[in-house]
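Notes to accompany the following structure.
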Amino acid sequence: MNANDHDNRLEEVAAYAIGGLDRDQVPGLEKHLAGCKRCQEELRWLSPAVQALPEAVERQAPPPELKQRLMAEVRADAAAEERRTRTEERRERAESRPGIGEWLRGLNVGGLTWKPLAGLALAILVIAGGVGYAVGNGGGSGGAHTWEIEPSNGIAAKVVTEDDRGELHLTGVEQLPKGRILEAWVERDGIVEPVPALFAPDQAGRASTTIESMDEVSAVMVTREPAGGSKKPTTEPFVVVPIET
Amino acid sequence: MRREKAERLADEELMPWIGRKDPEAFEVFYDRHGGAAFSLAYRILGERGAAEDCIQEAFISIWRSGGKFDAARGSVRSWTLSIVRNRAIDMLRSKAGKAPKMTFDDDEIIESRPADELTDEEAMRNETATEVRGALSQLPGEQSKVIQLAYFGGFSQSEIAGMLNVPLGTVKGRMRLGLEKIRGELAEGLA
């Protein structure tokens with residue numbers, strides 16, 4: 001390449017730097033740039049001039065609504081990302097934690113096999129499913145909803161949710177034998193997870209606990225567990241409240 | 001991340017947080033560069049509504065690809081403004097028959113703010129802007145025009161030659177000479 005040819009290349013570099021090189025010439029120049037130090041230096045030298053051009057335009061204040069719209073989209077994106085992450089985590093945990101079906105199949109309480117117990121639980125679910133209703137849905141104040149099941153064996157249960165938080169209230173609960181406690185469980189995507197707050201009935205047979213997050217919960221259950229609670233349910237649920245959204 | 005912490009981070013430190021989908025980091029990033037980006041989009045598109053659409057699209061693309069920033073290829077500021085410029089030029093091209101604004105008059109220069117309202121970085125950018133403005137004003141009109149048509153209009157050298165009815169070689173020479181002069185002014189300012 002002679003000096004004239006190279007001067008032409010340097011003109012192309014200037015056009016390339018500012019984004020004004022004809023498209024069909026871009027691949028050829030990029031190939032040349034890869035092997036020509038002089039042109040690489042010219043490009044490096046000119047780049048600050050190009051980068052400074054937008055700084056010299058008249059400053060216009062963007063409308064505040066633009067930022068509001070942008071941040072609304074960003075926060076919605078972030079929330080969706082968090083939900084995706086939580087769902088993936090739950091799926092990963094599914095390998096180590098049983099779903100309600102596996103839970104029931106895996107139980108052997110007091111020498112009984114799972115089948116009659118599962119049938120009992122299913123009956124509870126069916127009954128509960130038949131009478132569960134949302135008291136606050138639409139007619140309640142704010143975002144409060146109440147899910148109730150008809151008393152079974154004298155035990156009535158209701159779950160009151162507001163925003164993401166839930167309260168489970170039981171009545172008619174028999175006193176617990178020594179060394180036992182009530183533990184609530186939530187089912188999400190077929191996976192049963194413990195509710196950290198253990199609880200016990202008062203003298204009147206009332207018992208309550210708090211569920212910190214009701215996000216994607218499809219059922220709330222209660223079992224009797226050894227004091228200190230369990231990581232996995234060890235007994236059949238005597239209450240199942242389906243949460244229908 | 002808390003907003004106060006995000007505000008203390010340099011641009012290059014904010015980008016990984018944006019890559020991890022942190023809204024507070026993104027908000028600080030927007031507060032730092034949204035004004036310059038909007039000004040550039042408005043300069044190219046000439047309409048506030050179109051400039052808003054451009055910024056919305058460009059910044060969401062940055063949010064969704066925040067981890068892709070490569071510090072080896074320049075500053076966060078220049079990377080951001082190049083994304084905005086490319087988006088605005090695409091929008092301009094999609095409007096068939098739309099002619100770009102071709103002026104670079106004195107009333108389009110940056111409005112100065114009192115120095116005590118500016119951070120060091122802003123003050124430096126303002127100084128750079130003054131130098132570029134000065135360099136552009138000293139350029140022969142024909143050099144300034146080809147630079148503006150290329151950068152703010154998105155036209156290629158061939159298109160500019162056709163628009164101005166001058167030989168392609170003339171456009172090439174004017175573009176290089178003009179850029180070299182601006183670069184020279186910036187170098188003098190730093191010296």
Side-chain angles (χ1 to χ4, degrees), chain A residues 4-26 29 39 41-85, chain B residues 21-23 26-27 30-31 34-40 42-43 48 51-52 55-56 59-60 63-64 74-75 77-78 81-82 84-86 89 107-111 125-126 128-129 131-133 136 146-147 149-152 154-160 172-173 175-176 179-180 182-183 186:
Chain A
N4 269 351
D5 286 342
H6 210 264
D7 276 351
N8 288 340
R9 282 295 190 194
L10 290 175
E11 285 178 345
E12 286 180 4
V13 169
Y16 179 75
I18 204 171
L21 190 64
D22 286 292
R23 284 188 181 182
D24 59 350
Q25 291 181 300
V26 170
L29 178 67
C39 285
E41 282 169 15
E42 179 74 0
L43 184 60
R44 263 197 298 276
W45 164 253
L46 290 177
S47 289
V50 176
Q51 288 166 8
L53 286 173
E55 300 289 353
V57 301
E58 180 187 5
R59 187 59 65 93
Q60 299 282 333
E65 302 80 44
L66 174 58
K67 180 179 173 182
Q68 287 166 9
R69 285 200 302 272
L70 197 55
M71 290 311 299
E73 194 167 346
V74 161
R75 291 189 197 286
D77 245 21
E81 179 74 16
E82 198 178 323
R83 278 197 298 275
R84 267 197 300 277
T85 305
Chain B
K21 297 284 177 283
D22 187 303
F26 184 80
E27 189 171 10
Y30 175 82
D31 287 345
F38 181 77
S39 305
L40 174 61
Y42 179 74
R43 173 68 182 81
R48 289 185 70 85
E52 286 182 39
I55 295 303
Q56 179 96 14
F59 273 69
I60 286 297
W63 161 252
R64 290 180 179 152
S75 67
R77 175 86 158 195
S78 62
L81 293 179
S82 73
V84 169
R85 187 244 177 201
N86 291 341
I89 296 296
D107 60 358
E108 288 194 76
I109 60 177
I110 285 180
E111 292 168 351
R125 282 185 193 131
N126 206 8
T128 301
E131 286 164 6
V132 176
R133 188 184 67 206
L136 279 166
V146 295
I147 284 173
L149 284 170
Y151 189 80
F152 297 110
F155 294 108
S156 70
Q157 290 178 317
S158 298
E159 289 168 329
I160 295 169
K172 287 181 175 181
M175 198 172 277
R176 185 182 173 203
L179 267 187
E180 291 281 2
I182 294 169
R183 185 62 183 93
L186 289 177

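The chains referred to below are lettered A, B, ... by the order of the sequence lines, with proteins before strands, and numbering in each begins at 1. Below, all heavy atoms of this structure are taken into account, side chains as well, without hydrogens, waters or symmetry copies.
B/F155 contributes atom CZ, which lies 13.5 Å from atom CD1 of A/I18 (distance to the nearest 0.5 angstrom). Here the CD1 atom belonging to B/I55 is positioned 14.5 Å from the NZ atom belonging to A/K67, to the nearest 0.5 angstrom. To the nearest 0.5 Å, the span separating CG on B/L179 from CG on A/L53 amounts to 7.0 Å. To the nearest 0.5 Å, atoms CD1 (B/I60) and CD (A/E73) are separated by 3.5 Å. Atom CD in A/E58 sits 7.5 Å away from atom OH in B/Y42 (nearest 0.5 Å).
Heavy-atom minimum distance, A/A61 versus B/F38: O-CE2, 3.8 Å. Annotation for B/W63 and A/D77: closest pair NE1-OD2, 2.9 Å, computed over non-hydrogen atoms. Contact record, B/L40 with A/V57: N-CG2, 4.1 Å, taken as the closest heavy-atom pair. Summarising the geometry of A/L66 relative to B/E52, their closest heavy-atom pair is CD1-O, 3.6 Å, with the distance given to 0.1 Å.
If you measure heavy-atom distances from B/Y30 to chain A, the contacts under 4.5 Å come from the side chain alone. Contacts between B/I89 and chain A at a heavy-atom distance below 4.5 Å are absent for every atom of the residue. For A/E42, the part lying near chain B is the side chain, with the backbone staying farther off; criterion is any non-hydrogen pair under 4.5 Å. Heavy-atom distances place the side chain of B/D31, and not its backbone, under 4.5 Å from chain A. If you measure heavy-atom distances from A/V50 to chain B, the contacts under 4.5 Å come from both the backbone and the side chain.
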Audit row: A/Q51, B/R77, side chain to side chain contact (heavy atoms under 4.5 Å, CB included) steps and yes/no: CA-CA 9 Å; A/Q51 288 166 8; B/R77 175 86 158 195; over 6 Å; no
With salt bridge (Lys or Arg N to Asp or Glu O under 4.0 Å) as the test, would you mind laying out the steps for B/R64 and A/E81 before giving the verdict? CA-CA 11 Å; B/R64 290 180 179 152; A/E81 179 74 16; over 6 Å; no
Check against salt bridge (Lys or Arg N to Asp or Glu O under 4.0 Å), B/E27 and A/R75: CA-CA 10 Å; B/E27 189 171 10; A/R75 291 189 197 286; 3.2 Å; yes
Salt bridge (Lys or Arg N to Asp or Glu O under 4.0 Å) between A/E82 and B/K21: does it pass, once the steps are laid out? CA-CA 9 Å; A/E82 198 178 323; B/K21 297 284 177 283; over 6 Å; no
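Under the 3.5 Å distance criterion, with hydrogens and angles disregarded, a donor-acceptor pair is assigned to the side chains of A/W45 and B/E180. B/Q157 and A/E12 form no side-chain donor-acceptor contact under 3.5 Å, judged by distance and modelled atom types alone.
Interface check for chain A: of the options B/Q56, B/K172, B/R48, B/M175, the most heavy-atom pairs under 4.5 Å are formed by B/Q56. In terms of non-hydrogen atom pairs under 4.5 Å with chain A, the most contact-rich of B/P23, B/A150, B/G173, B/S82 is B/P23. Taking chain B as the reference chain and counting heavy-atom pairs below 4.5 Å, the highest number among A/A49, A/P62, A/G19, A/A14 is found for A/P62. The greatest number of non-hydrogen atom pairs below 4.5 Å with chain A, out of B/S39, B/G35, B/A36, is found for B/S39.
Using modelled atom types, no side-chain atom of B/S156 and backbone atom of A/G20 make a donor-acceptor pair closer than 3.5 Å. Between the side chain of A/D22 and the main chain of B/S158, a donor-acceptor pair closer than 3.5 Å is present.
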